[in-house]
Amino acid sequence: MSMCFLSSVVGEFGRIALEFLRRGTSPKIYEGAARKLCVPVEMVHHGVEGLMFLMTESSKHMMSEVDFLDSVLVLGFSEELNQILLQLYLQHHSQIRSILSRLPSNLPSYHSLEWRLDVQLASRSVREQVIPMLTMHLLLMRGCDSSSKVLQTDPSTLLHLILTLEAALAAMKTSHSRRILRNIK
């Protein structure tokens, strides 16, 4: 397959995937592309969905060029197709992120966090003690609805939680974990 033809096919699929994100699916677009390529409509449909999934997931995770190439390497495409996909991703990742940010989400999102540090210095039975306690009021938004959670912990548990979450986030950015996640989906 020539580089020019491959580039135009992937570019067309990318355009269709972006239109799908913006306006939703249209069977006529799939039929037109299938006629041009002389392939079944299902093949075009699956190709566009796969490309859309690759682009949206890569944009969500704000992958660098190296991470993106590492991700598509396991798909077994040729080097020239990997480079075409990379160029498509680099051209459209900010636009895809913008489209995704406007989509409604059913998950609650962070709105604000208020915290207070309480320290108990003494009690009736023990005169010299120091017991710090951190109280947090977390406000979450889901559309127009809001919910709040009150959390309370001691500083050492909070520090342990922070370190564990930072380690988990760092582990999620490794290429090994991305490969595992792709295979799970």
Side-chain angles (χ1 to χ4, degrees), residues 1-110 140-143 160-185:
M1 196 179 286
S2 74
M3 179 74 162
C4 182
F5 179 72
L6 187 62
S7 178
S8 66
V9 168
V10 173
E12 181 68 17
F13 277 27
R15 185 189 64 76
I16 293 170
L18 282 172
E19 285 301 312
F20 176 78
L21 280 173
R22 282 190 204 110
R23 296 189 181 96
T25 185
S26 172
K28 289 181 181 179
I29 293 175
Y30 293 137
E31 290 169 6
R35 264 194 312 272
K36 285 182 190 175
L37 297 172
C38 299
V39 296
V41 176
E42 294 82 28
M43 189 178 289
V44 172
H45 184 74
H46 293 304
V48 169
E49 282 184 349
L51 184 60
M52 186 180 62
F53 179 76
L54 175 67
M55 294 298 158
T56 55
E57 290 301 309
S58 300
S59 296
K60 278 183 198 175
H61 297 293
M62 296 187 293
M63 288 186 171
S64 67
E65 290 181 35
V66 174
D67 289 338
F68 183 84
L69 284 174
D70 186 43
S71 298
V72 296
L73 185 67
V74 297
L75 298 174
F77 295 143
S78 66
E79 183 60 34
E80 64 185 50
L81 182 56
N82 289 345
Q83 288 300 319
I84 293 169
L85 289 172
L86 174 64
Q87 290 307 314
L88 188 67
Y89 168 68
L90 292 176
Q91 287 173 354
H92 298 293
H93 75 277
S94 59
Q95 188 178 10
I96 292 169
R97 284 189 60 78
S98 171
I99 292 169
L100 291 175
S101 69
R102 289 181 292 206
L103 293 176
S105 173
N106 60 351
L107 297 174
S109 61
Y110 167 82
L140 303 172
M141 299 296 286
R142 181 179 293 162
H160 175 72
L161 180 65
I162 290 169
L163 294 175
T164 304
L165 290 173
E166 285 176 346
L169 283 173
M172 286 297 295
K173 292 181 179 179
T174 64
S175 60
H176 179 70
S177 66
R178 283 197 311 273
R179 285 185 188 131
I180 290 171
L181 286 173
R182 273 194 305 275
N183 290 325
I184 290 173
K185 293 179 182 178

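Because only heavy atoms are used, hydrogens play no part in the values below, and waters and symmetry mates are left out as well, while side chains stay in. In this chain, numbering begins with 1 at the start of the sequence shown. Nothing here was measured: the structure is a model prediction, and the numbers come from that model.
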*Return the set of residues passing side chain to side chain donor-acceptor pair (under 3.5 Å) with Gln95 (not counting sequence neighbours), or none when no residue passes.*
His92

*To the nearest 0.5 Å, how far apart are CG in Leu75 and CG in Asn82?*
7.5 Å

*Residues in side chain to side chain contact (heavy atoms under 4.5 Å, CB included) with Leu165, at least two apart?*
Leu161

*asked:* Glu79: which residues meet the side chain to side chain donor-acceptor pair (under 3.5 Å) condition with it, sequence neighbours left out?
replied: Gln83

Without placing hydrogens or testing angles, list every side-chain donor-acceptor pair under 3.5 Å for residues 45-55, not counting sequence neighbours.
unit_1 : atom_1 : unit_2 : atom_2 : d
His45  : NE2    : Glu49  : OE2    : 2.8

*Closest approach of Ser58 and Tyr89, non-hydrogen atoms and distance?*
O-OH, 3.3 Å

*asked:* Measuring from atom CZ of Phe68 to atom CG of Leu73, what distance do you get when rounded to the nearest 0.5 angstrom?
replied: 11.5 Å

*Could you list the residues that satisfy side chain to side chain donor-acceptor pair (under 3.5 Å) with Gln91, not counting sequence neighbours?*
none

_Run the side chain to side chain contact (heavy atoms under 4.5 Å, CB included) test against Met141 and tell me which residues pass, sequence neighbours left out._
Ser109, His111, Ser146

*asked:* Would you compute the distance between atom CG of Asp67 and atom OG1 of Thr174 and round it to the nearest 0.5 angstrom?
replied: 9.5 Å

*Answer yes when Glu57 and Lys60 have at least one side-chain N-carboxylate O distance shorter than 4.0 Å, and no when they do not.*
yes

*Any side-chain heavy-atom pair from His93 and Met62 closer than 4.5 angstrom?*
no

*Hey, does the side chain of Ser98 reach the backbone of Ser94 with a donor-acceptor pair shorter than 3.5 angstrom?*
no

*Roughly how far, to the nearest 0.5 Å, is CG of Leu140 from OH of Tyr110?*
10.0 Å

_Separation between OG1 of Thr56 and NE2 of His61, rounded to the nearest 0.5 Å_ = 9.0 Å

*What's the spacing between Leu86 CG and Glu65 CD if we round to 0.5 Å?*
5.0 Å

_For the student: nearest non-hydrogen atoms of Ser71 and Met63, plus distance_ = OG-CE, 3.4 Å

